[in-house]
Amino acid sequence: MRRWGTLIWLSYKEQYATFNLISFMVYKIVQPMIQVIFFVLLISKNGDSNIKSVVLTNIILAAVVNAAVYSGVILSNERVQGTLKLIVASRNDTFKIVFLRSLAGIIDAIIMVIVPIILAKFVLHIDINSIDIIAVVITVFLGMLAAIPLSLLIGSMSLITTDLNLFINLFIFVINFFSGALFSSQKLPYLWQVISNFIPLHNSIQFAMAIFNERQPHINWQLVIFSGREISISIVLIIVNVVIYKKFERTAQKGGTLELY
Amino acid sequence: MRVLLTSLRLQFKQSLSRSTYRFVIIIQPILNTILLYFILSNKNFVNVGEYLFVNVSVMNLWSSIVFSSLSDLTREKRMGVLGSNFASPVKFQWIYGGKVIANLILALWSFAVSYLIIQYVFDLNIVLPNVYTLITVYFLLLISFTTLSLFLSYFFLLNRQAIFWINVLEYPIYLLSGIATSIQKLPWFLQIISWLLPTKWIVGLLHQIFNAKYNILTSANVYGLLILTALYGIGIIVMNNIMERKILVEGQLEVY
């Protein structure tokens with residue numbers, strides 16, 4: 001257990017080793033905040049939305065996407081730095097190491113949600129007193145639980161290709177598009193609506209919306225359904241991940257693609 | 001001039017061989033158009049097609065600068081060729097200028113792709129202005145973005161966190177170009193920054209050219225762009241003198 005903790009903590013530290021305080025703040029707080037402002041302004045052009053709920057769900061979306069991308073680039077960074085082959089060659093289960101390291105993203109995402117919510121009070125004049133912060137943290141936790149495996153799945157492609165940015169961009173688009181935070185999923189064609197239920201973060205965002213909009217009567221059941229779906233997505237994705245990762249690792253060992261060139 | 005053209009030709013080949021770049025010029029416009037379409041689908045004014053076209057085009061132009069031209073610098077640094085590029089007898093700005101122009105010409109594809117999607121998939125009618133206007137606007141766009149990109153490149157030459165700043169700059173630029181909201185609604189100090197960005201003037205100009213009666217030569221946006229280009233041109237000369245010296249002294253064009 002202690003080793004797990006060390007792995008997560010080291011990975012968190014390693015991520016920001018090259019940052020100074022200013023770039024750390026910019027990366028963690030300013031950039032997601034500006035992204036939120038951009039989308040909120042765009043959405044508010046429609047003039048029909050509950051602005052508080054839009055801001056909060058967008059903060060969650062920005063934080064989870066930014067934090068989850070890290071899990072995708074772990075392997076690719078290792079490959080660029082030339083340490084990937086050492087990890088693959090080690091006697092431990094490689095996937096377990098990578099998975100544990102990517103869990104550091106959860107700490108990240110929670111920080112990246114709480115600070116912008118406090119800032120939103122001053123910048124966007126949102127009333128934050130009525131927000132249930134524990135519910136927000138649970139939402140982020142659920143969202144990350146499902147987003148990390150998807151990001152890892154994409155990241156494991158770096159075992160066989162060096163062009164990862166393309167897939168990372170696709171990942172960001174898919175999560176943004178189907179999350180339901182930028183526009184209501186009901187605007188989508190029926191088939192896409194069904195698909196969006198299986199995309200990570202969609203259910204967490206619905207969970208958050210149900211809480212922020214305070215639709216009282218059957219709220220508890222809804223919450224259970226949303227969180228249940230998110231956890232199932234997460235479990236399925238982890239299983240798929242383990243299988244695919246093993247396959248890619250074998251291919252990489254055979255094809256000799258563990259180094260950059 | 002020969003250097004410029006050679007670098008341009010080489011960059012065509014290099015960029016097109018990278019699947020991420022192919023993604024940026026072909027898939028990304030499609031995705032951005034779809035995303036913005038759904039976000040703005042309740043919008044109740046007439047020219048939503050044009051609005052989509054302008055915004056997606058400018059977003060993609062910026063991506064093409066960011067993800068290709070500027071990140072090319074980081075890539076070259078990592079491969080260890082940036083130093084030799086800089087030390088070659090040919091001036092750095094000609095080599096890099098060729099790359100930027102090549103990327104911008106390729107980025108024209110993204111305009112075409114988003115136009116086709118809006119026109120034929122979403123069935124929103126866009127009436128294109130006449131060819132001369134389009135060529136003039138494209139030429140303006142090319143020179144202003146080339147000078148901006150060259151100017152920025154000097155800041156990224158020595159910066160080891162270049163790739164970080166490149167990613168961070170994306171949404172602030174969108175916001176300051178007036179894509180999400182009118183710039184007049186922003187605080188005054190942000191308005192000043194946005195005046196210094198060609199994207200702000202291009203968004204304004206692209207909105208204007210869809211008005212058929214509008215004479216482009218009377219547009220303040222055109223003069224704004226030209227003045228800005230001249231300013232960036234002076235900036236390039238100044239930065240070139242400063243950075244050339246600095247690089248010779250510090251010599252840090254490689255990863256370690």
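Reminder, nothing fancy here: chain letters follow the sequence lines and each chain counts from 1.
Taking each heavy atom of Q31(A) and V168(B) in turn, the nearest pair found is CG-O, 3.7 Å.
Looking at Y27(A), the atoms closer than 4.5 Å to chain B (heavy atoms on both sides) sit in the backbone and in the side chain alike. Residue contact with chain B, scored on non-hydrogen atoms closer than 4.5 Å, involves the side chain of V80(A) exclusively. Only the side chain of F39(A) comes within less than 4.5 Å of a heavy atom in chain B; its backbone stays farther off. Within the 4.5 angstrom heavy-atom criterion, atoms from both the backbone and the side chain of I179(B) approach chain A.
Between atom CG of residue L176(B) and atom CZ of residue F38(A) there is a gap of 11.0 Å, rounded to the nearest 0.5 Å. Distance check, rounded to the nearest 0.5 Å: OH of Y174(B) to CD of Q35(A) gives 10.5 Å.
Within the 4.5 Å cutoff, the side chain of F23(B) has heavy atoms near those of the L170(A) side chain.
Screening I39(B), L35(B), L175(B) for a side-chain contact (heavy atoms from CB on, under 4.5 Å) with L42(A), the sole residue that qualifies is I39(B).
Pairs of residues two or more places apart, or lying in two chains, never qualify as salt bridge (Lys or Arg N to Asp or Glu O under 4.0 Å) while including a residue from residues 109-119 of chain A.
Taking the six-membered ring where tryptophan is involved, the planes of F38(B) and W192(A) are tilted, since the angle between them lies from 30° to 60°.
Around atom CG of L86(A), more than 12 heavy atoms belonging to other residues, nucleotides or ligands sit under 6.0 Å away.
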